[in-house]
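What follows is one structure encoded as structure tokens, with my remarks underneath.
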Number of protein chains: 2
Amino acid sequence: MDRSIQDVARLVGTTSRTLRHYDRMGLLPPSRLGSNGYRYYDDGALVRLQRILLLRDLGLGLPAIADVLNREMEPARALQKHLELLRQEQERLARQIASVSMTIEQLEGGEQLMAENMFDGFDHTQYKDEVEQRWGAEAYASGDRWWTGMTDTERSGWKARTAQLGADWTAAAEQGIAANSDAAQELARRHYEWLSGVPGLPSSGGRPSKEYFLGLGDMYVADDRFAANYGGREGAAFVRDAMKFFADRHL
Amino acid sequence: MDRSIQDVARLVGTTSRTLRHYDRMGLLPPSRLGSNGYRYYDDGALVRLQRILLLRDLGLGLPAIADVLNREMEPARALQKHLELLRQEQERLARQIASVSMTIEQLEGGEQLMAENMFDGFDHTQYKDEVEQRWGAEAYASGDRWWTGMTDTERSGWKARTAQLGADWTAAAEQGIAANSDAAQELARRHYEWLSGVPGLPSSGGRPSKEYFLGLGDMYVADDRFAANYGGREGAAFVRDAMKFFADRHL
DNA sequence: CGTTGACCTTGACGTTGCGTCAACCTATAC
DNA sequence: GTATAGGTTGACGCAACGTCAAGGTCAACG
């Protein structure tokens with residue numbers, strides 16, 4: 001009752017290459033080896049193969065299948081674990097589909113694929129690593145580029161506010177006004193509002209947290225790429241001081 | 001204004017390895033190469049990189065991204081094509097989730113992972129290659145093992161009918177009755193009904209097509225693995241004749 | 001001027017599950 | 001004997017990089 005590798009392959013609807021693969025990785029050794037090196041499979045091997053293919057069709061990986069068949073893991077538990085992965089994949093796909101759909105709409109609305117210099121160096125998602133170290137990875141775990149969810153008008157509006165804010169900060173710094181002056185504090189308030197328009201930041205109740213706001217000010221000074229937007233290090237120091245004053249008062 | 005590879009990587013939230021990868025595959029060459037071999041990127045390269053990452057986040061493959069950026073394909077059309085793939089993936093996932101969920105329920109209902117010898121050699125999905133050559137691949141394109149969608153009772157019922165049908169055919173063949181006799185035609189009718197319970201077959205209006213039914217009869221004779229279920233080649237020939245008679249009358 | 005540490009280079013293997021040759025031996029049938 | 005089908009062991013390919021490995025370069029510090 002032993003069958004050759006081709007017989008088995010046709011019988012279960014797969015290929016001999018697959019069976020050799022399963023053999024080499026120890027997932028399904030043939031029940032007998034001919035003196036010529038041929039692989040022969042008996043009914044027991046067939047049953048095991050059917051189980052393998054069943055689990056494979058359910059989407060499990062071969063190592064996971066091996067765990068189940070070698071009784072190193074409860075089938076139900078393995079499937080439960082796998083089910084969660086599948087659900088996550090599905091959610092990821094759903095988000096991606098939404099993003100792609102919106103992007104298509106924007107493109108058909110005559111917009112370019114991406115405005116040049118859209119962020120003017122303000123893209124906070126750039127500082128993924130630094131921020132993650134301070135506030136944990138989950139704040140950025142979504143991985144989506146948040147601005148893909150913005151409409152055309154929203155984006156251009158945000159871009160304009162961003163540029164204006166940077167210019168106003170720079171001007172104020174050059175005038176040498178005090179960080180706790182009303183003008184500087186008004187700028188700090190605008191800065192906070194502007195930040196609130198960036199989803200995905202570490203926030204408490206929909207708005208950036210005090211810790212994030214303060215940390216951000218420090219980064220403006222510490223990082224030249226940021227500082228450049230506020231008139232260099234001195235300007236950035238002024239911004240940071242104003243932000244700290246604002247945060248202590250209102251956050 | 002040229003930036004080193006690490007600067008760029010941190011700036012956009014990726015790694016230098018990725019940038020080298022994009023360089024080697026021609027997707028994003030550096031704007032300048034130092035005499036020391038260092039890669040330097042200007043603002044133009046940064047814009048291109050941003051577009052690459054945007055499209056990548058939408059799930060496009062790098063070759064597809066290259067097509068878009070090299071203006072060999074309309075962005076909107078590329079995204080539309082991609083959107084269809086995503087939708088198909090999502091449907092596939094949904095079906096898989098349903099299958100996994102049902103399997104878990106069965107397992108928790110105390111059932112084994114799979115009954116041994118469930119198909120008694122009748123599994124038509126075995127003959128994927130042969131049937132695909134005759135009726136096209138799309139009939140089996142779904143790839144799902146249809147019976148995973150059956151409940152416990154459905155499966156055992158189908159299994160019983162299958163075994164009974166094979167036994168009845170064999171008995172009739174051994175009695176030497178005519179293929180166009182009423183008894184043989186009744187068997188042919190039962191065979192057709194039985195086949196109808198196998199989703200995924202090439203059908204016209206929910207039931208197997210005449211072509212499939214006739215081709216199946218031929219295969220019963222031509223293939224010993226099938227013939228064995230009907231009492232060998234002679235029995236299979238009887239079955240085929242009865243099926244042809246039935247098909248000409250009723251299909 | 002030497003050293004340290006950060007950053008750069010190319011090269012190559014690993015990942016997942018096989019498909020697809022390539023080169024060569026074996027079994028079966030006419 | 002030979003044609004044909006089927007068996008064997010490599011080894012590369014795919015997608016998009018992660019991850020060493022080994023070694024050259026650059027800026028700063030003492």
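We name chains A, B, ... by the order of the sequence lines, and we start the count at 1 in each one.
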Quiz item: Just how far, in rounded Å, is C1' of dT26(C) from CD1 of Ile5(A)?
Solution: 15 Å
Quiz item: Charged N to carboxylate O below 4.0 Å: is that the case for Arg32(B) and Asp42(B)?
Solution: no
Self-check item: Rounded distance (Å) that lies between atom C1' of dC7(C) and atom OH of Tyr41(B)
Solution: 14 Å
Practice problem: Tell me whether the OP1 or OP2 atom of dT9(D) has a side-chain N or O from Arg20(A) closer than 4.0 Å. | Solution: no
Quiz item: To the nearest angstrom, how far is Tyr40(B) atom OH from dT25(D) atom P?
Solution: 12 Å
Quiz item: How long is the line joining CG of Asp23(B) and P of dG11(C), in whole Å?
Solution: 12 Å
Self-check item: Whole angstrom value for the distance that separates C1' of dT9(D) from CG of Leu19(A)
Solution: 16 Å
Quiz item: Within the structure shown, what part of the strands sits under 4.0 Å from Arg39(A) by heavy-atom distance: base, sugar-phosphate, or nothing?
Solution: sugar-phosphate
Quiz item: Charged N to carboxylate O under 4.0 angstrom, Asp43(B) versus Arg3(B)?
Solution: yes
Quiz item: If you take all heavy atoms of Leu60(A) and Ala64(A), which pair is closest and at what distance?
Solution: CD2-CB, 4.0 Å
With 3.5 Å as the limit, what N/O pairs link the protein to nucleotides 16-20 of chain D?
from, atom 1, to, atom 2, distance (Å)
dA16(D), OP1, Leu62(B), N, 3.0
dC17(D), OP1, Arg56(B), NH1, 3.3
dC17(D), OP2, Tyr22(B), OH, 2.8
dG18(D), OP2, Thr15(B), OG1, 3.0
dG18(D), O6, Arg17(B), NH2, 3.2
dT19(D), O4, Arg17(B), NE, 2.9

Practice problem: Figure out the CG/C1' separation between Asp57(A) and dG17(C), and round it to whole Å. | Solution: 14 Å
Enumerate, atom names and distances included, each donor-acceptor pair closer than 3.5 Å involving a side-chain atom of residues 74-88 of chain A, sequence neighbours excluded.
from, atom 1, to, atom 2, distance (Å)
His82(A), NE2, Leu58(A), O, 2.9
His82(A), NE2, Gly59(A), O, 3.4

Self-check item: Tyr38(A) or Asn36(B), whichever maps to the more 5' nucleotide of DNA chain D
Solution: Tyr38(A)
Exercise. For Ser16(B), report the nucleic acid contact type (base, sugar-phosphate, nothing); a contact means any heavy atom under 4.0 Å.
Key: nothing
Practice problem: Provide the closest heavy-atom pair for Ala9(B) versus Leu19(B) in the form atom of the first, atom of the second, distance. | Solution: N-CD1, 3.9 Å
Self-check item: Which residues share a side-chain contact (heavy atoms from CB on, under 4.5 Å) with Ala173(B), sequence neighbours left out
Solution: Phe238(B)
Quiz item: Just how far, in rounded Å, is C1' of dC18(C) from CG of Leu53(A)?
Solution: 13 Å
Quiz item: Between Arg51(A) and Val68(A), is there a donor-acceptor pair closer than 3.5 Å when you use the side chain of the first and the backbone of the second?
Solution: no
Quiz item: Whole Å only: how far is the CD1 atom of Ile52(A) from the P atom of dG17(C)?
Solution: 12 Å
